[in-house]
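First the structure, in the form of structure tokens, and then the observations on it.
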Amino acid sequence: MIDLELLRKEPDRVQENLGRRRRMEYLDLFRSAREKDGEWRALLGEADGLRRRRNLLSQEIAKLRGSGTPSAELEAEARTLPDRLKGLEERESAVQAERDTLLRRIPNLLDDSVPFGKDDSENVVVATWGTPTNAPEGLGPHGETLERLGMAEFDRAHRVSGAGFYYLKGGIVLLDLALQRMALDLLVERGFLPVEPPLFLRRGPYEDVTDLGDFEQVMYRIDQEDLYLIATSEHPLAALYRGEILDEDSLPIRLAGISPCFRKEIGGHGVDQKGIFRVHQFQKVEQFVFCRPEDSPRIHEELRANAEEIFRRLKVPYRVVNVCTGDLGTVAAKKYDIEAWFPRQRAYREVVSCSNCTDYQARRLRIRMGKAGRPGKMVPHTLNSTAVATSRALVVLVEQYQRPDGSIEVPEVLRPYLGGRTTLTAEARP
RNA sequence: GCUGAGGUAGCCUAGCCCGGCAAGGCGCCAGCCUUGAAAGCUGGUGGCGGUCUCGCCACGGGAGUUCAAAUCUCCCCCUCAGCGCCA
């Protein structure tokens with residue numbers, strides 16, 4: 001949620017920034033929210049006046065009664081107040097609710113360095129690493145490769161759970177765990193605290209960490225329960241300190257979430273439908289940080305560097321894009337995507353999303369920072385970034401590390417996690 | 001799932017029976033004192049609004065009774081404990 005103070009005090013700045021998203025809808029929201037706010041303040045003043053009168057009268061009555069003096073006249077006036085107040089209070093809270101609903105739909109302010117553009121085709125490449133290579137002759141889709149190696153069951157998974165689900169078996173499972181552990185170890189080395197979060201959140205907290213559209217588009221809900229399966233550990237990590245005041249001396253707080261992620265993602269599918277590139281469930285190690293406002297740009301670069309380091313250690317070529325205005329969601333002020341090179345697809349595809357949400361997410365969660373007892377609480381900034389999502393990363397590895405004989409080489413950096421194994425060969429057992 | 005207890009400021013507690021301006025402690029911040037620190041003393045320490053030495057709101061949430069509700073009545077939510085079940 002955007003800062004209401006800012007809306008009041010620097011409307012021109014807010015309007016200019018929202019304008020960069022080139023969507024009239026946002027400017028309309030901005031204008032309506034300002035209007036409603038003015039209306040609300042007028043109503044509040046009026047209601048406060050009546051409440052003040054009520055308090056005065058009731059004190060006076062108490063005093064008179066205490067001294068045995070009749071107070072019928074005052075009581076008569078006091079009796080007229082509740083009726084007058086009722087209508088006013090109803091309007092006041094209704095207008096406030098309308099204002100807040102509008103406010104919640106206004107996106108975060110964009111960082112100055114976000115490039116202008118209409119969609120993902122206009123994201124700006126800011127870095128590349130490694131040299132893209134093409135897939136060896138005859139390399140099939142990764143799903144078929146995994147099936148051939150006896151490391152995945154897609155048809156059976158689809159029968160029991162539906163499209164978008166999978167069984168992984170054998171070496172690829174060990175590779176999956178190795179990836180997660182390697183990423184986690186790197187983050188722990190760099191000061192992150194590993195966290196296994198709840199995999200379900202209640203609706204209330206969930207509404208504070210993401211935008212409403214996600215509830216229809218991506219989240220799974222538990223039938224008959226007020227519980228939603230998390231779409232990423234970012235969400236429970238962000239909600240961890242909901243409603244609390246963080247001691248500013250404890251910042252920055254660096255968390256490394258590890259969890260499965262569940263997503264409906266109703267929408268189009270790309271190439272390689274059979275497989276694990278786009279699925280309803282995957283494992284992810286996530287970076288999440290609470291920090292002082294002035295530190296967030298620096299930490300945003302830090303998170304990006306951590307994610308890049310993981311792909312460098314895997315020797316996977318990639319590029320980093322600065323996501324443009326038209327492709328940026330409502331919560332982030334700035335976002336980098338890391339796109340790994342997929343040899344068979346001969347394309348860079350998103351494997352990491354690294355966002356600075358500034359104070360937008362923390363304000364919705366009512367998280368503040370400061371010293372308990374000292375006035376002048378501030379809203380901390382939050383940032384999140386994939387470290388590694390193993391579904392996507394495994395696809396890259398299967399494509400890039402496949403040998404002519406069909407086996408898969410274990411990237412050097414992962415071998416210690418596989419007891420020194422250098423190669424994954426076809427599983428002999430069913 | 002059953003039974004019981006509970007939800008008051010960053011934390012801990014009193015007030016609830018019997019309605020009348022939310023009390024105290026801890027922590028934290030500032031000042032005084034001190035060579036420095038601790039201790040001690042003084043003040044501050046929820047949210048909103050405004051014509052800023054003012055007002056309103058706030059005791060889990062909502063509704064009701066009343067001139068007046070933390071307090072009385074009703075509904076709901078959440079947490080904890082014990083029991084049951086359980087990797």
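Just so we're clear, the structure is a prediction, and the values are computed from it rather than from any experiment. Hydrogens, waters and symmetry mates play no part in the numbers below; they use all other heavy atoms, side chains included.
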Check the distance between [N]'s [atom2] and [X]'s [atom1] and give it to me in whole angstrom.
X: A:Leu88; N: B:rC56; atom1: CG; atom2: P; answer: 15 Å
X: A:Leu50; N: B:rC67; atom1: CG; atom2: C1'; answer: 14 Å
X: A:Asp226; N: B:rC76; atom1: CG; atom2: C1'; answer: 14 Å
X: A:Glu89; N: B:rG49; atom1: CD; atom2: P; answer: 17 Å
X: A:Leu56; N: B:rG20; atom1: CG; atom2: C1'; answer: 14 Å
X: A:Glu225; N: B:rC77; atom1: CD; atom2: P; answer: 13 Å
X: A:Leu44; N: B:rG47; atom1: CG; atom2: C1'; answer: 12 Å
X: A:Leu43; N: B:rC57; atom1: CG; atom2: C1'; answer: 16 Å

Is A:Ile61 touching bases, backbone alone, or none of the nucleic acid, heavy atoms closer than 4.0 Å?
base

Using a 6.0 Å distance limit plus a 45 degree cone around the ring axis, check whether [X] lies over the aromatic ring of [Y].
X: A:Arg392; Y: A:Phe277; value: yes
X: A:Arg181; Y: A:Tyr417; value: no
X: A:Arg22; Y: A:Phe116; value: yes

* **Flag side-chain contact, heavy atom, 4.5 Å: A:Leu6 against A:Leu109** => yes

Between [N] and [M], how far is it from one [atom1] atom to the other, in whole Å?
N: B:rA38; M: B:rC77; atom1: P; answer: 49 Å
N: B:rG60; M: B:rG7; atom1: C1'; answer: 6 Å
N: B:rG47; M: B:rG43; atom1: C1'; answer: 22 Å
N: B:rG24; M: B:rC17; atom1: C1'; answer: 22 Å
N: B:rC76; M: B:rG4; atom1: P; answer: 16 Å
N: B:rA14; M: B:rU71; atom1: C1'; answer: 13 Å
N: B:rG36; M: B:rA30; atom1: P; answer: 16 Å
N: B:rG55; M: B:rU51; atom1: C1'; answer: 12 Å

Determine: side-chain N/O of [X] to OP1/OP2 of [N], distance under 4.0 Å, yes or no.
X: A:Arg8; N: B:rG50; answer: no
X: A:Arg54; N: B:rA68; answer: no
X: A:Asn55; N: B:rG20; answer: no
X: A:Lys86; N: B:rG64; answer: yes
X: A:Arg368; N: B:rG47; answer: yes

Only residue of A:Asp208, A:Asn108, A:Thr382 satisfying side chain to side chain donor-acceptor pair (under 3.5 Å) with A:Gln361 is A:Thr382

One should report the stems of RNA chain B, each a stretch of at least three consecutive Watson-Crick or G-U pairs at distances under 3.5 Å, as B:1-7 with B:77-83, B:10-12 with B:24-26, B:27-32 with B:40-45, B:46-49 with B:54-57, B:60-64 with B:72-76

Assert: residue with more 5' nearest nucleotide on RNA chain B, out of A:Arg51 and A:Ser58, is A:Ser58

Note: for A:Ala62 and A:Leu4 on RNA chain B, the residue whose nearest nucleotide lies more 5' is A:Ala62

### Task
Answer yes or no: is there an ion pair linking A:Glu39 with A:Arg99, defined by an N-O contact shorter than 4.0 Å?
no

Side-chain ion pair, A:Arg8 and A:Glu5, N-O less than 4.0 Å: yes

The nucleotide from B:rG10, B:rU79, B:rC56 with an atom nearest the side chain of A:Arg202 is B:rU79

Of B:rG49, B:rG55, B:rC67, the nucleotide closest to the side chain of A:Arg52 is B:rG55

- Query: Judged by modelled atom types alone, do A:Ser355 and A:Lys334 share a side-chain donor-acceptor pair under 3.5 Å?
  - Reply: no

Margin query: Can you classify the ring geometry of A:His158 versus A:Phe154 as parallel (below 30°), tilted (30 to 60°) or perpendicular (above 60°)?
Written below: tilted

